[in-house]
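On a predicted model such as this, the values are computed, not experimentally measured, just so you know. Counting starts at 1 for both ligands and their atoms, following the listed order.
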Amino acid sequence: MDMKLTDRVVVVTGGSSGIGLETARQLLVEGARVVVCGRDNERLERASTLLNGGKRCLTVQCDVLDVSQVEKLRDLTLEEFGRVDGLVCNAGQAKEGNFFTNTVDDWHEELGLKFFSYIHPIRIFADALKTNRDGSIVCVNSTVSTQPEPHLMTSSAARAGVLNLAKSLASAMAPAIRVNSVQMGPIESGQWARRYEKQKLEGQSYEEWLLQEAGKRAIPMARFGRPEEAAAAIVFLLSPQASYITGARLEVSGGTTRHI
Ligand code: NDP
């Protein structure tokens, strides 16, 4: 299927690893021009080499929690490509902990990351996305937004708020910009590789550890998702093929959730 993304310009926050990196790769394959941001320069350089997008790919060091850095990201994007058609709000990570183990500072940090990693880029890119009247925003969210996990209580509460916000924005920004969410279940990525390094048993491979973790979560598909499976959903919602879809949430979780 032609995703009709040729020459469109898409910004992917947190595009230097995992789901964001794979999204950038698929967008380049579809002929889009892509801007990828992240905080760590070395990781960005590795991503740039992997993506090998030449003049169609720009990597920019940017912390999405810093307004001036996000403004610079927008300015560099417009300078390089002259327009913005899509924004993937993907930067982030989960903080483990429950109501009692997380401190007030942990709450501020997690609520700050979860909300402002969407609020800053969406506010700052809104005018540019509106220009051609068919802008598209995809908010990468988590299944915990509707099915809270006891060990991710802070993150779950924040995710629920962000899901709610995305719904409001879909109405507020229509018809010029569509806003949709993808609820990710467990997807192999940089953050799981880091957890494996901390938790692995002696002699246990990454694949064995992932299968063990999938078993603990009783995932109906009996495995973690792959970044390409997550990215395919993001690319579809971004694309003009989803031109009548806004305010939706698409779950990519291997069937993890139990609610309807
Ligand atoms: P990775 O750790 O592989 O990638 C996270 C990316 O976000 C990196 O590029 C990282 O780069 C970047 N990032 C983190 N904080 C910031 C920041 N403040 N500003 C700019 N970039 C930032 O994780 P995933 O691919 O797994 O995660 C992608 C998104 O999907 C996250 O929001 C995550 O919470 C969500 N998600 C993932 C799930 C999973 O199982 N994988 C499940 C549910 C949700 P750097 O550190 O250099 O800044």
>> With heavy-atom distances below 4.0 Å as the criterion, list the atoms of ligand 1 near D40.
In response: 47 (O)
>> Assess the residue pair V138 and S181 against the criterion (side-chain contact (heavy atoms from CB on, under 4.5 Å)); give the C-alpha distance rounded to whole Å, side-chain angles, the decisive distance to 0.1 Å, and a yes or no.
In response: CA-CA 6 Å; V138 175; S181 302; over 6 Å; no
> When you measure from atom 6 (C) of ligand 1 to every protein heavy atom, which one gives the shortest distance, and what is it?
Replying inline: G14 O, 3.5 Å
> Relative to the heavy atoms of C62, which atoms of ligand 1 are at a distance of less than 4.0 Å?
Replying inline: 19 (N), 20 (C)
> So, do V60 and Q69 sit near enough that their side-chain heavy atoms are less than 4.5 Å apart?
Replying inline: no
> So is T13 in contact with ligand 1, going by heavy-atom distances below 4.0 Å?
Replying inline: no
> In the protein, what heavy atom is nearest to atom 19 (N) of ligand 1, and what distance, to one decimal place, separates them?
Replying inline: V64 N, 3.0 Å
> Nearest protein heavy atom to atom 42 (C) of ligand 1, by residue and atom, and its distance?
Replying inline: G185 O, 3.3 Å
> Quick one: does ligand 1 sit under 4.0 Å from the side chain of F224, the backbone, both or neither, non-hydrogen atoms only?
Replying inline: neither
> Which bit of V140 gets closer than 4.0 Å to ligand 1, counting heavy atoms only: side chain, backbone, both or neither?
Replying inline: side chain
> Under 4.0 Å from any heavy atom of M184, which atoms of ligand 1 are there?
Replying inline: 42 (C), 43 (C), 44 (C)
>> Could you check whether any heavy atom of N141 sits closer than 4.0 Å to an atom of ligand 1, since that is the contact criterion I want to use?
In response: yes
> Out of curiosity, K200 NZ to E197 CD, how far, rounded to the nearest 0.5 Å?
Replying inline: 4.0 Å
> What atoms of ligand 1 come closer than 4.0 angstrom to any heavy atom of G18?
Replying inline: 3 (O), 25 (O)
> Between S239 and Q241, do the side chains contain an N or O donor and an N or O acceptor separated by less than 3.5 Å?
Replying inline: no
> Does a donor on one side chain sit under 3.5 Å from an acceptor on the other, for T6 and E30?
Replying inline: no
>> Under a 4.0 angstrom heavy-atom cut-off, which atoms of ligand 1 come close to P186?
In response: 40 (O)
> Once you round to the nearest 0.5 Å, how far does OG of S155 lie from CD of E149?
Replying inline: 10.5 Å
> How far does CG of L5 sit from CZ of R33, to the nearest 0.5 angstrom?
Replying inline: 12.0 Å
> Hey, which atoms in ligand 1 end up nearer than 4.0 Å to a heavy atom of S16?
Replying inline: 8 (C), 9 (O), 11 (O)
>> With no hydrogens and no angle check, just 3.5 Å: does a side-chain donor-acceptor pair link S68 and D66?
In response: yes
>> If you take the nearest heavy atom of each of K114, R194, R39, which one is closest to atom 15 (N) of ligand 1?
In response: R39
> So, T146 versus Q183: side-chain donor-acceptor pair below 3.5 Å or not?
Replying inline: yes
> Is S117 in contact with ligand 1, taking contact as a heavy-atom separation below 4.0 Å?
Replying inline: no
> Relative to atom 27 (O) of ligand 1, which among R195, E42, Q191 owns the nearest non-hydrogen atom?
Replying inline: Q191
> So, the side chain of N98 versus the backbone of P150: is there a donor-acceptor pair under 3.5 Å, distance only?
Replying inline: no
> What residue and heavy atom of the protein are closest to atom 5 (C) of ligand 1, and at what distance?
Replying inline: G92 O, 3.6 Å
> Where is the nearest protein heavy atom to atom 32 (O) of ligand 1: which residue, which atom, and how far?
Replying inline: N90 O, 2.8 Å
> Which protein non-hydrogen atom lies closest to atom 10 (C) of ligand 1, naming both residue and atom, and how far is it?
Replying inline: R43 NH1, 4.0 Å
>> Out of G15, A47, S17, S145, who is nearest to atom 1 (P) of ligand 1 when you count heavy atoms only?
In response: S17
> Starting from atom 41 (N) of ligand 1, which protein heavy atom do you reach first, and at what distance in Å?
Replying inline: I187 O, 2.9 Å
>> For E45 and T59, which I'm curious about, is there any donor-acceptor pair between the side chains at under 3.5 Å?
In response: no
> Can you tell me the protein heavy atom closest to atom 25 (O) of ligand 1 and the distance?
Replying inline: I19 N, 2.9 Å
>> Looking at Q26 and E228, would you say the former's side chain and the latter's main chain have a donor-acceptor pair under 3.5 Å?
In response: yes
> According to the salt bridge (charged side-chain N to carboxylate O under 4.0 Å, His left out) rule, which pairs have a member within residues 74-101, sequence neighbours left out?
Replying inline: R83-D85, K95-D106, K95-E109
> What's the verdict on salt bridge (Lys or Arg N to Asp or Glu O under 4.0 Å) for E213 and K216, showing C-alpha distance, side-chain angles and the deciding distance?
Replying inline: CA-CA 5 Å; E213 294 301 306; K216 279 189 202 164; 2.9 Å; yes
> At a 4.0 Å threshold, what atoms of ligand 1 neighbour a non-hydrogen atom of D63?
Replying inline: 17 (C), 18 (N), 19 (N)
> Which is closest to atom 13 (N) of ligand 1 in terms of heavy atoms, G38, G190, A91?
Replying inline: A91
> Q61 side chain to R39 main-chain N or O, any donor-acceptor pair under 3.5 Å?
Replying inline: yes
> Out of curiosity, is R159 lining ligand 1, as in a heavy atom under 4.0 Å away?
Replying inline: yes
